[in-house]
Amino acid sequence: MIIGSIENHRSREGGAMVYPVYSRRSKGLSLGINLFPDAKVCTFDCPYCEVFPFKTDISFSVGTMTETLREVIATAGPEEVRDICFSGNGEPTISPHLSAALRAAAQIRNELVPNAALVLITNGTGLLNEQTFEFLRSAAADPEPTGSMALKLWLKLDAGTPDWYAKMDRSAIPFDRLIAAIKAFAACAPFTIQTMICAINGEPPPAAEAAAWERLALELAASGHLTGFQIYGKARPSPGDYKAEPATALPEAFLLARADSLKAVLNAAAIRGPDGTPLPVEVFP
Ligand code: SF4
């Protein structure tokens, strides 16, 4: 199967390369692109990850992806499509197909759904690779919506301290190296920060972690390149629910309080986005 069913977001684990979903964050129909139809490949091991273990013998190919994407757009109706979003079963920036697939998707977006955004959801670890950093910088920094990529990046920043990073993202990549790369990227390209806020083993992020995350968020926003924040909660089951140190949802009020606190510091520092307006801080409990 290469086309996912809109009723079943688990279709990615059946090998779907293109999977249409109604997305809270996209506010409408989002056409997901999955670069890993055969197995999950990621540099993080988040306890809240929604990808269940699976294995198929389907290999990713740009040709199949583009053919499928055209078919899905025609079936859904071009006017329905809010975005084409690279996410799927793992971290897209470590796929060897990333740049070719993004270029092909951008061409189809420009031709068939010019008002739709092209989005890449990433955990940021690809920024440690010089070539990937430069590719993403030029793809995201180009503001022209027509005839270009105009890539929107949604970049994960789950923690402000190494301790919470170790619990939330469980990566072999050192926190300091990753944050240095994200800071370097913020100095030259626009992106939206995505932060999952949940409890680990029943414990919410401690106050010192919340304060460190907010300082880091403020420092990144001060670059003037950030386009906003998305704070989201655990809304779906994950394989980590059945293991040690599971991630669990926190009350909506907890997420709203973190968002309000961030808005207050951004306002106090008179931080603005690239378009000169206050940065949006959205909450998806
Ligand atoms: S970065 Fe994304 S794909 Fe990777 S483990 Fe975390 S939630 Fe799952």
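Both ligands and their constituent atoms are indexed starting at 1 by order of listing.
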Donor-acceptor pairs under 3.5 angstrom involving side-chain atoms of residues 248-272: please list them, not counting sequence neighbours.
from	atom 1	to	atom 2	distance (Å)
S261	OG	E214	OE1	2.6
S261	OG	E214	OE2	3.4
N267	ND2	K263	O	3.4

Quick one: does K40 get a heavy atom under 4.0 Å from ligand 1? yes
Tell me whether the guanidinium CZ or amine NZ of R170 lies under 6.0 angstrom from the six-membered ring centre of F44 and within 45° of its axis. no
Sorted by chain and number, protein N/O/S atoms nearer to atom 6 (Fe) of ligand 1 than 2.8 Å are C46 SG
How are the rings of F52 and Y242 set relative to one another: parallel (under 30°), tilted (30 to 60°) or perpendicular (over 60°)? tilted
We want to know whether T195 and D158 form a side-chain donor-acceptor pair, criterion being a heavy-atom distance below 3.5 angstrom. no
Is it true that E111 and R70 have a side-chain N and a carboxylate O under 4.0 angstrom from each other? yes
Taking the ring of F185 and the ring of F191, is the distance between their centroids below 6.0 Å? yes
